[in-house]
Amino acid sequence: MSVRVRFAPSPTGYLHVGGARSALYNFLFARGRDGVFILRSDDTDTARSTDEYRQDIIDQMQWLGLDWDEGIVKGGPHGTYRQSDRFERYAEVAHGFVRSGHAYYSFATASQLDDFKKRAREAGTSPAYDGSLEPTQDQVSRLLADGQTAVVRFRVPRPGSTTFHDLVRGDVTFDHTQVDDFVILRSDNSPTYHLASTVDDVDYGITHVTRGEDILSSTPKHILITEAMSATVPVYAHLSLLMGPDGKKLSKRHGHTAMAAYREAGYLPEAMNNYLALLGWGASEDDDDIVSMDDMIRRFDLADVSRNAAVFDTKKLDWMNGVYIRAMDPEAFVATTVPLIEHRLGHTLGEGELDRYKQIAPHVQERAKTLAEVAPQVDFLLGDLDEYDEASWEKVMLTPEAPIALDAAAGALADIEDWKTDAIDVALRAMLEEHGLSARKGLQPIRVAISGSTVSPPLFESIEVLGRDTTLARIAGARSRIDG
RNA sequence: GGCCCCGUCGUCUAGCGGCCUAGGACGCUGCCCUCUCAAGGCAGUAGCGCCGGUUCAAAUCCGGUCGGGGCUACCA
């Protein structure tokens with residue numbers, strides 16, 4: 001049977017990095033096996049689901065390049081792939097279960113259930129509701145006729161237990177004393193996650209369910225429902241959760257968890273995928289952590305996924321992103337960063353500005369860890385230099401060498417005929433020689449004078465791009481500020 | 001509290017009874033290169049949670065213990 005997998009986020013929040021990793025693993029598994037990858041919207045929680053979240057999930061999935069074969073937006077043989085469009089189907093299954101005895105109407109109140117749990121805790125026994133409050137057939141008829149609202153609960157067979165072979169965890173067994181008679185249909189006739197998700201997995205022919213470990217203990221419920229539908233139970237694989245740097249479950253407390261935030265911060269989708277893939281999967285075939293999507297697809301197997309929870313470490317992501325930025329085609333780098341620069345500047349780059357940027361871009365590309373840090377680094381080349389970094393100024397401009405270097409540089413640069421990096425290089429080094437200045441001592445004041453900071457793209461190239469007039473004006477400006 | 005999952009350098013991992021005086025990557029430190037910062041090169045730092053057991057031999061198997069995580073909703 002061909003592989004059919006799905007990523008089924010619920011639009012009750014933005015797509016977060018953990019969800020993206022689940023999506024990626026499903027994607028890799030499907031692509032490596034000639035399977036079908038489905039994107040489904042598990043939006044049974046109508047109160048918390050929003051269109052904004054629905055759209056975010058779609059946007060981020062597309063940005064990451066995790067194309068799906070069937071699903072929301074795209075469609076397919078199973079309709080809209082939105083659970084909110086299939087409530088009748090779930091209700092039909094639930095009522096069928098009532099008729100077949102797999103489920104029953106329940107009128108148990110919250111306080112009754114709380115009571116049950118409280119007693120269980122005191123007795124040290126399982127807190128899972130065991131169905132002891134199930135009404136008789138007569139009571140059901142009477143209460144329903146009375147207009148009482150009821151939920152439909154699945155009747156978990158007890159005694160009993162469910163065992164399944166998890167692809168990443170191995171055999172897992174849950175005794176049914178630990179599984180409650182769970183609600184499958186709410187009193188407003190809407191389905192719960194357990195019902196809708198399982199019915200969809202059955203109806204859509206899902207063969208492998210790969211999802212977060214947070215649902216591991218709900219899996220017996222899903223298996224029980226599947227069996228009650230006389231369907232084939234899919235293979236399950238539960239991924240460990242992502243943690244923050246402090247070893248606690250990754251949350252907003254740790255900074256960004258939303259995929260969109262990383263996109264805005266200037267991370268490349270290729271880097272994100274590579275990093276996420278390695279977060280819980282030993283991809284290395286040759287000890288190289290940089291793995292192309294094609295290789296990931298070729299090598300990936302759920303059986304090789306790590307069982308331990310992984311810490312989302314932005315340090316390694318930063319490094320990896322730098323690797324991918326450097327690997328970009330120079331023209332593509334310019335194309336993707338120009339809009340960011342224009343956004344920062346507040347206007348479209350003119351021809352001259354664009355030319356200047358193109359000249360310096362390769363040097364910036366070499367140094368960037370994220371796309372977002374590019375624009376600030378070229379500010380001094382495209383706009384006025386209206387302020388100096390104070391720490392930089394104090395560090396190099398207050399030395400006795402600074403005024404000497406600045407004056408000498410102004411003279412040397414004024415005489416250059418061919419305003420090119422090479423000539424500038426030669427002229428400035430001759431100046432250093434003449435005044436007995438080290439490159440470090442003599443050039444840093446010039447760097448601060450023209451860029452405002454001790455950190456900048458290469459000096460000679462920057463000077464060339466800046467042009468003679470601007471360069472000399474800035475040197476003069478810095479010189480007078482020293483005196484001032 | 002009950003049940004389930006997990007436990008190799010700070011972090012991600014390799015390891016699946018002898019090849020391990022535990023390998024790689026990120027980070028960190030030092031050196032080299034160098035006009036700053038990066039990049040690059042080289043070197044270094046640091047780990048099998050603990051206690052028992054099985055075995056000629058354990059990071060690898062078993063038990064316990066400790067620690068972390070998850071679930072325990074008419075959320076997903």
| field | Partner nucleotide, any strand, of B:A59 [Watson-Crick/G-U, under 3.5 Å] | value | none
| query | Mind checking the C1' distance from B:G41 to B:C5? Whole angstroms is fine. | reply | 44 Å
| task | Answer yes or no: side-chain N or O of A:Thr192 and base N or O of B:C74 forming a donor-acceptor pair under 3.5 Å. | result | no
| query | Touch check for A:Ser240, heavy atoms < 4.0 angstrom, all strands: base, sugar-phosphate only, or nothing? | reply | nothing
| query | Closest to the A:Met243 side chain: B:C5, B:C35, B:G69? | reply | B:G69
| message | So A:Ala128, base contact, sugar-phosphate only, or nothing? Heavy-atom distance under 4.0 Å. | response | nothing
| message | I'd like to know whether A:Phe164 forms a ring-ring contact (aromatic ring centres under 6.0 Å, His included) with A:His222, so could you lay out the CA-CA distance, the side-chain angles of the two residues, the decisive distance to 0.1 Å, and finally the verdict. | response | CA-CA 11 Å; A:Phe164 58 97; A:His222 305 163; 9.9 Å; no
| message | What's the closest nucleotide to the side chain of A:Tyr193 if the choices are B:C6, B:A76, B:C74? | response | B:A76
| Nucleotide nearest A:Asp313 (side chain, heavy atoms from C-beta), chosen from B:U11, B:A76, B:A73 | B:U11
| task | Pick base, sugar-phosphate or nothing for A:Val172, based on heavy-atom distances below 4.0 Å to the nucleic acid. | result | sugar-phosphate
| said: Under 4.0 Å, counting only non-hydrogen atoms across every strand here, what does A:Arg211 touch: a base, just sugar-phosphate, or nothing? | reply: nothing
| request: Classify the nucleic acid contact of A:Phe460 as base, sugar-phosphate or nothing, counting any heavy atom under 4.0 Å across all strands shown. | output: base
| said: Need one value for A:Ser197: base, sugar-phosphate or nothing, where a base atom within 4.0 Å counts as base even if backbone is also close, heavy atoms only. | reply: nothing
| On a whole-Å scale, what distance lies between the P atoms belonging to B:U21 and B:C3? | 40 Å
| How far does the P atom of B:A25 sit from the matching atom of B:A43, given to the nearest Å? | 11 Å
| task | In whole angstrom, give me the gap between the C1' atoms of B:G40 and B:G23. | result | 23 Å
| task | May I ask you to evaluate whether A:Ser190 reaches the phosphate of B:C74, defined as a side-chain N or O under 4.0 Å from OP1 or OP2? | result | no
| Does a side-chain N-to-carboxylate-O contact under 4.0 Å join A:Arg211 and A:Asp42? | no
| message | Taking the ring centre of each residue, are A:Tyr204 and A:Tyr81 less than 6.0 Å apart? | response | yes
| task | Scan every strand shown for a Watson-Crick or G-U wobble partner of B:G1, both distances under 3.5 Å, and answer none if you come up empty. | result | B:U72
| said: Looking only at the side chain of A:Val311 (C-beta and beyond, no hydrogens), which of the listed nucleotides B:U11, B:G70, B:C35 gets closest? | reply: B:U11
| request: Examine B:U13: is either OP1 or OP2 under 4.0 Å from a nitrogen or oxygen in the side chain of A:Ser306? Give yes or no. | output: yes
| remark: Picking from B:A39, B:G27, B:U36, the nucleotide nearest the side-chain atoms of A:Glu366 would be B:A39
| request: Would you check if A:Tyr90 and A:Asp200 make a side-chain contact, meaning some heavy-atom pair closer than 4.5 Å? | output: yes
| task | Identify the two heavy atoms, one from A:Ala427 and one from A:Ile416, that lie closest to each other, and give their separation to 0.1 Å. | result | CB-CD1, 3.6 Å
| query | Within the structure shown, what part of the strands sits under 4.0 Å from A:Thr12 by heavy-atom distance: base, sugar-phosphate, or nothing? | reply | nothing
| query | Is the base of B:C37 touched by the side chain of A:Arg367 through a donor-acceptor pair closer than 3.5 angstrom? | reply | yes
| message | As a test of reading the structure: which of B:G7, B:A76, B:A25 is closest to the side chain of A:Lys316, going by heavy atoms? | response | B:A25
| In terms of the nearest nucleotide of RNA chain B, which residue is placed more toward the 5' end: A:Pro9 or A:Gly280? | A:Gly280
| message | So A:Thr177 and A:Asp130, do their side chains get closer than 4.5 Å, heavy atoms only? | response | no
| query | Looking for any heavy atom pair under 4.0 Å, which part of the strands does A:His363 touch: base, sugar-phosphate only, or nothing? | reply | nothing
| said: Between B:U72 and A:Arg121, counting only base atoms on the nucleotide and side-chain atoms on the residue, is there a donor-acceptor pair under 3.5 Å? | reply: no
| In Watson-Crick or G-U wobble terms, both distances under 3.5 Å, what is the partner of B:A25? | B:U11
| said: Tell me whether the side-chain N/O atoms of A:Asn308 come closer than 4.0 Å to OP1 or OP2 in B:U8. | reply: yes
| task | Respond yes when some side-chain nitrogen or oxygen of A:Lys369 is under 4.0 Å from OP1 or OP2 of B:C37, and no when none is. | result | no
| field | C1'-based separation of B:C4 from B:C61 [nearest Å] | value | 22 Å
| message | What's the closest nucleotide to the side chain of A:Arg326 if the choices are B:G40, B:C3, B:U13? | response | B:G40
| query | Side chain of A:Arg447, base of B:C35: donor and acceptor closer than 3.5 Å? | reply | yes
| For A:Ser392, which contact category applies under a 4.0 Å heavy-atom criterion: base, sugar-phosphate, or nothing? | nothing
| said: Whether the A:Ser240 and A:Glu213 side chains hold a donor-acceptor pair (N or O, under 3.5 Å, no angle test) is what I'd like checked. | reply: no
| field | Given B:C35, B:C26, B:U72, the nucleotide with the shortest approach to the side chain of A:Pro127 | value | B:U72
| query | Does any nucleotide pair with B:C16 by Watson-Crick or G-U wobble geometry, both distances under 3.5 Å, and what is it? | reply | none
| query | If we call it a pair only when both distances are under 3.5 Å in a Watson-Crick or G-U wobble match, what pairs with B:U65? | reply | B:G49
| Among B:C4, B:C71, B:C74, the one nearest A:Leu216 by side-chain distance | B:C4
| query | A:Arg169 side chain N/O closer than 4.0 Å to the phosphate oxygens (OP1, OP2) of B:C4? | reply | no
| query | Closer to the 5' end of RNA chain B via nearest nucleotide, is it A:Glu213 or A:Glu461? | reply | A:Glu213
| remark: A:Asp201 atom CG is separated from B:A76 atom C1', nearest whole Å, by 13 Å
| query | Strictly under 6.0 Å, is that where the ring centroids of A:Tyr275 and A:Phe312 end up? | reply | yes
| query | Looking for any heavy atom pair under 4.0 Å, which part of the strands does A:Arg440 touch: base, sugar-phosphate only, or nothing? | reply | sugar-phosphate
| request: For nucleotides B:C66 and B:C50, find the distance between their P atoms and express it as a whole number of Å. | output: 15 Å
| message | Using the P atom as the point on both nucleotides, what is the distance between B:G69 and B:C12, in whole Å? | response | 14 Å
| request: Quote, to the nearest angstrom, the P distance that separates B:C62 from B:C26. | output: 34 Å
| Among B:A76, B:G24, B:C6, which nucleotide sits nearest the side chain of A:Asp289? | B:G24
| query | With both distances under 3.5 Å as the test, what is the Watson-Crick or G-U wobble partner of B:C37? | reply | none
| request: Mark yes or no: A:Arg21 above the aromatic ring of A:Trp281, with NZ or CZ under 6.0 Å from the six-membered ring centre and no more than 45 degrees from the axis. | output: no
